[in-house]
Trainee: 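Right, I'll just put the structure down here and ask away after.
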Amino acid sequence: PPVQAPIYDLFPSGSVIPADISPLRLIEPEIMFRVDRDIPARERQYDVHEIMESVTAVIGFEVIGSRFRSDPSAPAANPPGSLYGALSDHLVNGCIVVGDAIPDWRGVAFDEVGLRMTEGDRELVSVVGCHPFANPCLPVVVGVNRLRRRLGVKAGDIIVTNSSTSFFPVSAGTVVRASYEGLGEVTATFAEN
């Protein structure tokens with residue numbers, strides 16, 4: 001089932017990511033969704049159209065890093081790098097970087113969109129078909145309908161739907177760019193320390 005967890009750090013495209021968020025500098029490109037208006041808690045499920053009218057697709061990076069920002073060398077029963085540590089850390093979503101909004105996203109054939117991710121001049125990945133479910137809105141529908149049972153969803157929330165590829169280790173001080181063909185891009189740089 002979808003994981004519900006707060007995102008503590010949200011950065012705009014072009015930001016420098018603090019080193020302590022992801023000491024291994026792991027980053028992955030994604031299609032995410034920004035909630036544009038409240039979707040309040042209610043008993044009845046929301047239909048797909050109601051949800052689609054309340055959100056905007058955006059291009060983003062998920063930065064992989066623990067929310068447990070303590071001494072990384074300290075021993076722990078379930079360290080963040082372990083399976084149990086990752087699960088208790090809601091899959092180690094250290095922060096997200098939000099890039100361009102995707103115009104007319106409802107008509108996009110996401111399974112035909114090319115994605116190219118680079119670190120400086122070095123290509124990290126180039127693929128066609130940018131979501132494991134073909135349509136990244138599907139997890140949004142499921143997630144919103146789980147949340148409507150208790151909390152609802154608030155305007156400004158970001159819903160992360162799943163990686164378009166996987167994560168990549170990158171160097172500090174170099175611009176990382178994910179470009180979704182015809183849709184837009186997102187950039188970020190990791191701080192040295």
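The structure displayed is predicted, hence computed values, not measured ones. We number each residue from 1, following the sequence as shown.
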Trainee: Under a 4.0 Å N-O cut-off, is there an ion pair linking E50 with R42?
Mentor: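 Salt bridge present between E50 and R42.
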
Trainee: For the residue pair S54 and D36, establish whether any side-chain heavy-atom pair is separated by less than 4.5 Å.
Mentor: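 They are not in side-chain contact.
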
Trainee: Please step through side-chain contact (heavy atoms from CB on, under 4.5 Å) for the pair E185 and S13, ending with a clear verdict.
Mentor: CA-CA 8 Å; E185 69 178 23; S13 186; 5.8 Å; no

Trainee: So, taking the atom named CG in D38 and the one named NZ in K154, what distance separates them when rounded to the nearest 0.5 Å?
Mentor: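 It comes to 5.0 Å.
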
Trainee: What pair of heavy atoms forms the shortest contact from A101 to V58, and how long is it?
Mentor: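 Reported closest heavy-atom pair: CA-CG1, 3.9 Å.
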
Trainee: For residues S166 and P29, report the shortest heavy-atom separation together with the two atoms involved.
Mentor: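 What the structure gives for the nearest pair is O-CD, 4.0 Å.
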
Trainee: Is the shortest side-chain heavy-atom distance between E62 and S163 below 4.5 Å?
Mentor: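 When only atoms from C-beta onward are counted, S163 and E62 do not touch, as no gap falls below 4.5 Å.
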
Trainee: Can you tell if the side chain of L24 reaches within under 4.5 Å of the side chain of F167, non-hydrogen atoms only?
Mentor: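 No - every pair of side-chain heavy atoms lies 4.5 Å or more apart.
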
Trainee: If every non-hydrogen atom of V55 is compared with every non-hydrogen atom of W105, which pair is closest and at what distance?
Mentor: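 Closest pair (atom of V55, atom of W105, distance): O-NE1, 3.5 Å.
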
Trainee: Given side chains that start at C-beta, do those of I59 and I31 come closer than 4.5 Å, heavy atoms only?
Mentor: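 Side chain of I59 against side chain of I31, heavy atoms only: contact under 4.5 Å found.
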
Trainee: If you measure from OG1 on T165 to CD on E30, what distance do you get to the nearest 0.5 Å?
Mentor: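 Result: 8.5 Å between the selected atoms.
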
Trainee: To the nearest 0.5 Å, what is the distance between CD on E28 and CG on L124?
Mentor: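 Atom-to-atom, E28:CD and L124:CG are 13.0 Å apart.
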
Trainee: For the pair M52 and C137, evaluate side-chain contact (heavy atoms from CB on, under 4.5 Å) and give the outcome as yes or no after the intermediate values.
Mentor: CA-CA 8 Å; M52 289 178 72; C137 189; 3.7 Å; yes

Trainee: With side chains defined as the heavy atoms from C-beta onward, is the minimum distance between I39 and R148 less than 4.5 Å?
Mentor: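 No; the side chains remain at least 4.5 Å from each other.
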
Trainee: What pair of heavy atoms forms the shortest contact from V108 to I102, and how long is it?
Mentor: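 V108 and I102 have their closest heavy atoms at CG2-CG2, 4.3 Å.
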
Trainee: Count the heavy atoms of every other residue, nucleotide or ligand shown that sit under 6.0 Å from CG of D121, and state whether that count exceeds 12.
Mentor: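 Open: at most 12 neighbouring heavy atoms sit under 6.0 Å from CG of D121.
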
Trainee: Would you call F61 and S15 a side-chain contact if the rule is heavy atoms closer than 4.5 Å?
Mentor: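 Of all side-chain heavy-atom pairs linking S15 with F61, none is under 4.5 Å.
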
Trainee: Where the side chain of R116 meets the backbone of S179, is there a donor-acceptor pair that is under 3.5 Å apart?
Mentor: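 No, because the side chain of R116 does not come within donor-acceptor range (under 3.5 Å) of the backbone of S179.
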
Trainee: Taking all heavy atoms of P40 and all of Y46, pick out the closest pair and write down the distance.
Mentor: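 Residues P40 and Y46, closest heavy atoms: O-OH, 2.6 Å.
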
Trainee: Test of understanding: clusters of I, L, V, M, F, W, Y form through side-chain heavy atoms closer than 4.5 Å, transitively. Do V35 and V48 belong to the same one?
Mentor: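 V35 and V48: one cluster.
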
Trainee: Would you call I17 and S22 a side-chain contact if the rule is heavy atoms closer than 4.5 Å?
Mentor: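 They are not in contact (no side-chain heavy atoms under 4.5 Å apart), so the answer is no.
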
Trainee: Transitively linked via ILVMFWY side-chain contacts under 4.5 Å: V127 with Y180?
Mentor: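 In one cluster: yes.
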
Trainee: Please tell me whether V16 and F190 are part of a single hydrophobic cluster in this structure, the criterion being side-chain heavy atoms less than 4.5 Å apart.
Mentor: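 They do not share one cluster, since no chain of ILVMFWY contacts under 4.5 Å joins V16 to F190.
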
Trainee: Nearest 0.5 angstrom please: S126 OG to L115 CG, how far?
Mentor: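 Spacing of OG (S126) from CG (L115) equals 7.5 Å.
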
Trainee: Supply the atom-to-atom distance D9 CG to I21 CD1, rounded to the nearest 0.5 angstrom.
Mentor: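 With rounding to 0.5 Å, CG (D9) is 4.0 Å from CD1 (I21).
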
Trainee: Step through the shown structure and confirm whether more than 12 heavy atoms of other residues, nucleotides or ligands are within 6.0 Å of CD on E53.
Mentor: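 Yes, because the 6.0 Å sphere around CD of E53 holds more than 12 heavy atoms from other groups.
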
Trainee: Can you confirm whether P139 sits close enough to F33 that some side-chain heavy atom of one is under 4.5 Å from a side-chain heavy atom of the other?
Mentor: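 Sidechains of F33 and P139: no contact.
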
Trainee: Would M117 and I27 count as a side-chain contact (heavy atoms from CB on, under 4.5 Å) here? Give the steps.
Mentor: CA-CA 10 Å; M117 186 165 140; I27 192 167; 3.7 Å; yes

Trainee: Start with the C-alpha distance between I96 and M32, add both sets of side-chain angles, then the distance that settles side-chain contact (heavy atoms from CB on, under 4.5 Å), and finish with yes or no.
Mentor: CA-CA 10 Å; I96 59 173; M32 301 175 180; 3.7 Å; yes

Trainee: To the nearest 0.5 Å, what is the distance between CD1 on I159 and CD1 on I51?
Mentor: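 It comes to 8.0 Å.
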
Trainee: Please report the shortest heavy-atom distance between A191 and A172, naming the atom on each side.
Mentor: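 Closest heavy-atom pair between A191 and A172: O-CB, 3.5 Å.
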
